[in-house]
Each structure stands twice: as C-alpha cells, then as structure tokens.
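To start, the structure under review is shown below, and the notes come after it.
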There are 2 protein chains.
Amino acid sequence: MENRFGDKIKSLREQQHLYLRQVAAHLEIDTALLSKIEKGVRNLKKDLVPKIAEILNADKEELLTLYLADQLNELIKDEPLGKKAMNIIINPNN
Amino acid sequence: MENRFGDKIKSLREQQHLYLRQVAAHLEIDTALLSKIEKGVRNLKKDLVPKIAEILNADKEELLTLYLADQLNELIKDEPLGKKAMNIIINPNN
DNA sequence: TTTGACTTGTCAAATTATGTCAAATATAAC
DNA sequence: GTTATATTTGACATAATTTGACAAGTCAAA
C-alpha cells in the first residue's frame with residue numbers, strides 16, 4: 001500500500017535492462033535521487049513524469065495515474081476518514 | 001467545487017452569531033488568517049480542526065472529512081486522471 | 001580486492017507554508 | 001456626510017518542508 005509509481009518505474013527499467021545511471025542521465029537528475037524515487041522515499045517532479053514515460057517506453061497516462069495515486073495516498077494514509085473524503089469528491093451530491 | 005471546509009465553518013460561525021475575532025481568539029490565530037481560511041485562500045493547520053469543531057459545537061469527524069476533501073481536491077483539481085487515481089486507492093485490485 | 005550498481009545520510013539552497021501587521025473595504029448607526 | 005465595528009486584502013518576515021547534490025556506504029560479481 002504505497003509506492004506504486006516507484007515500483008512501476010523500477011520494474012519497467014529492469015525489464016529493459018537499463019541502469020539507474022542511464023535513466024537518471026536522461027532525466028538530468030542524480031542517480032541517488034532516482035534510486036530514492038524508485039524506493040518511494042522521494043518524489044519525482046511532476047513535469048518529469050511524461051519524460052520518464054518516454055524513456056521507459058511506457059504509457060504517460062498510466063504512470064501519471066500511479067504518480068497521483070501515491071500523492072493522494074500520502075495525504076490520507078493515516079486518516080480513517082480519507083476514503084469518506086474521497087467519496088465526497090467522486091460523488092459530490094448525497 | 002472546492003472550499004467545503006471554509007464554507008462550512010463560516011456558516012457554523014454565522015449561525016451562532018460569533019465574530020471572526022472571537023473564534024480566532026479561541027484558536028489563538030490572527031483574525032485575518034481565519035478570514036482567509038473561511039474564504040479558502042489559506043489552510044487551517046490540521047491539528048486545529050478538532051479545536052474549531054469544539055468552538056463551533058460541530059462534529060469533529062464531519063469537519064475533518066471536509067478538510068481532507070479540500071486537500072485531496074487541491075491535489076487533483078486540474079488533473080483529468082485524478083478520479084482514476086482515487087479509484088486505484090479505493091479499489092486496490094482490478 | 002577491485003569494479004560497478006545501487007543505497008543511504010547529510011547538508012545547503014530553494015521552495016512553500018504560516019502568521020502578523022497595516023491598510024482597505026463594507027456595513028450599519030448616527 | 002462621519003463614526004464605529006467587522007471583515008478582507010496585500011505585503012512582509014519567519015518557519016518549516018522539499019529538493020538536489022555530494023560523499024560514503026553496502027553488496028555482488030569478477
């Protein structure tokens with residue numbers, strides 16, 4: 001329950017036999033930072049999500065969705081009322 | 001679509017004929033800040049949510065839920081994929 | 001034991017959040 | 001009109017968090 005984005009990009013990277021170093025270079029970020037992103041201890045900047053999708057030949061929308069899910073989850077992970085709050089947004093009436 | 005929490009506390013405050021000044025004093029924050037919170041241009045610190053519920057004789061859980069809904073909404077308000085991301089969290093499989 | 005890939009801790013710089021003040025506006029009573 | 005009170009707004013200083021980089025660390029394979 002939580003590092004969906006990081007797990008996904010790690011698995012995509014490994015499937016394609018790419019090194020952190022290579023992907024990081026394309027993104028113009030530090031290898032250490034990308035490592036943390038894969039492990040979920042740091043966030044990738046949002047505007048780099050489409051770029052990493054390109055690098056990994058992945059679907060931009062799918063990655064962005066996972067990215068957003070992680071952000072949302074972070075906000076409510078310790079909140080018993082989190083899902084109720086989500087329902088208010090998804091189903092504004094009632 | 002957005003200032004649920006602020007609208008709610010404003011309406012509760014007015015129903016009870018309280019001034020911003022009075023509620024702000026109980027919360028130990030500036031009146032100007034509470035005004036902004038009611039208008040949705042600033043956030044109340046999360047740990048003050050139960051306190052404002054007490055002051056306004058409101059249900060703590062209801063207010064916290066609205067508070068969280070605003071936070072969630074802020075995160076995805078410009079994101080077409082926001083609701084899809086929420087569904088991933090609500091319904092983790094599939 | 002050396003090399004390469006990855007991980008982790010720490011730090012400064014950048015960014016964002018927070019709270020206050022002063023001035024502006026609004027409304028109502030005089 | 002003027003006064004008084006409530007609220008709003010913008011600018012600012014400070015506090016807290018995030019971000020990115022570096023150095024040092026682990027680990028596995030050669």
Side-chain angles (χ1 to χ4, degrees), chain A residues 2-52 55-56 63-64 66-79 85, chain B residues 2-53 55-56 63-64 66-79:
Chain A
E2 73 180 18
N3 186 27
R4 292 171 224 264
F5 179 76
D7 289 347
K8 183 67 179 182
I9 61 173
K10 177 170 188 179
S11 121
L12 286 166
R13 178 177 65 80
E14 289 174 340
Q15 277 170 33
Q16 296 173 53
H17 308 291
L18 296 170
Y19 297 130
L20 278 176
R21 173 170 41 87
Q22 301 175 287
V23 177
H26 276 295
L27 293 171
E28 297 175 279
I29 64 175
D30 196 296
T31 299
L33 178 54
L34 185 53
S35 168
K36 288 170 185 162
I37 290 163
E38 283 191 350
K39 296 197 117 35
V41 312
R42 288 290 185 91
N43 287 324
L44 183 63
K45 283 183 100 172
K46 185 150 78 175
D47 48 325
L48 288 181
V49 174
K51 191 159 191 176
I52 199 172
I55 296 166
L56 298 175
L63 285 191
L64 184 54
L66 296 175
Y67 181 91
L68 291 172
D70 283 353
Q71 308 279 308
L72 291 168
N73 190 59
E74 179 62 26
L75 205 55
I76 60 156
K77 64 174 192 284
D78 298 322
E79 292 292 345
Chain B
E2 70 180 19
N3 187 26
R4 292 171 225 263
F5 178 77
D7 289 348
K8 183 68 179 182
I9 62 174
K10 178 170 189 178
S11 121
L12 287 165
R13 178 177 64 80
E14 288 174 341
Q15 277 170 32
Q16 297 173 52
H17 308 292
L18 297 170
Y19 297 130
L20 279 176
R21 173 169 40 85
Q22 301 175 287
V23 177
H26 277 294
L27 293 171
E28 298 176 278
I29 63 174
D30 197 294
T31 300
L33 178 54
L34 185 53
S35 168
K36 289 168 188 162
I37 291 163
E38 283 191 351
K39 296 196 119 33
V41 311
R42 287 289 187 94
N43 287 324
L44 183 62
K45 280 182 102 172
K46 186 151 80 176
D47 50 326
L48 288 181
V49 172
K51 191 160 193 177
I52 200 172
I55 297 166
L56 298 175
L63 285 192
L64 183 54
L66 295 175
Y67 181 90
L68 291 172
D70 282 353
Q71 307 280 308
L72 291 168
N73 190 61
E74 178 63 23
L75 206 55
I76 59 156
K77 63 174 193 287
D78 298 323
E79 292 292 345

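No hydrogens, no waters, no symmetry mates; every other heavy atom, side chains included, goes into these values. Below, chain A is the first sequence line, B the second, and so on; all start at residue 1.
Atom CD of B:Glu38 and atom C1' of D:dT9 are 15 Å apart (whole Å). One interatomic measurement links the two molecules: NZ of B:Lys39 to C1' of D:dG10, which rounds to 15 Å at whole-angstrom precision. Look at NZ on B:Lys45: it is 12 Å from P on D:dA15, rounded to the nearest Å. As a whole-Å value, the separation of A:Gln71 CD from D:dT17 C1' is 14 Å. Computed from coordinates, the B:Tyr19 OH to D:dT7 P distance equals 7 Å when rounded to whole Å. Note: CD (B:Glu14) to P (D:dA6) measures 14 Å, nearest angstrom.
The footprint of chain B on DNA chain C, defined by a heavy-atom cutoff below 4.0 Å, extends from C:dT18 to C:dC21.
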Could you please spell out the steps behind the salt bridge (charged side-chain N to carboxylate O under 4.0 Å, His left out) verdict for B:Glu28 and B:Lys51?
CA-CA 11 Å; B:Glu28 298 176 278; B:Lys51 191 160 193 177; 3.7 Å; yes
Set out, in order, the CA-CA distance, both residues' side-chain angles and the distance that settles side-chain contact (heavy atoms from CB on, under 4.5 Å) for A:Leu20 and A:Glu38, then state yes or no.
CA-CA 10 Å; A:Leu20 278 176; A:Glu38 283 191 350; 3.6 Å; yes
Worked verdict on B:Arg13 versus B:Ile9 for side-chain contact (heavy atoms from CB on, under 4.5 Å):
CA-CA 6 Å; B:Arg13 178 177 64 80; B:Ile9 62 174; over 6 Å; no
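Residue A:Leu66 holds its CG atom at 10.0 Å from CG of A:Asn3, rounded to the nearest 0.5 Å. Atom NZ of A:Lys36 is separated from atom OG1 of A:Thr31 by 11.5 Å, given to the nearest 0.5 angstrom. Taking CG from A:Leu72 and CG from B:Leu68, the interatomic distance works out to 11.5 Å, rounded to the nearest 0.5 Å. Rounded to the nearest 0.5 angstrom, B:Leu63 CG and B:Leu48 CG are separated by 12.5 Å. Separation of atoms CD1 (B:Ile37) and CZ (B:Arg42) is listed at 8.5 Å; rounding is to 0.5 Å.
B:Glu79 has a carboxylate O that lies under 4.0 Å from a charged side-chain N of A:Lys46, or vice versa, which qualifies the two as a salt bridge.
Closest-nucleotide positions on DNA chain D for B:Leu18 and A:Leu44 were compared, and the one nearer the 5' end corresponds to B:Leu18.
For the segment residues 24-37 of chain B, the set of residues with a heavy atom within less than 4.0 Å of an atom of DNA chain C comprises B:Ile29, B:Asp30, B:Ala32, B:Leu33, B:Lys36, in numerical order.
Looking at heavy-atom distances under 4.0 Å, B:Arg42 makes contact with a base.
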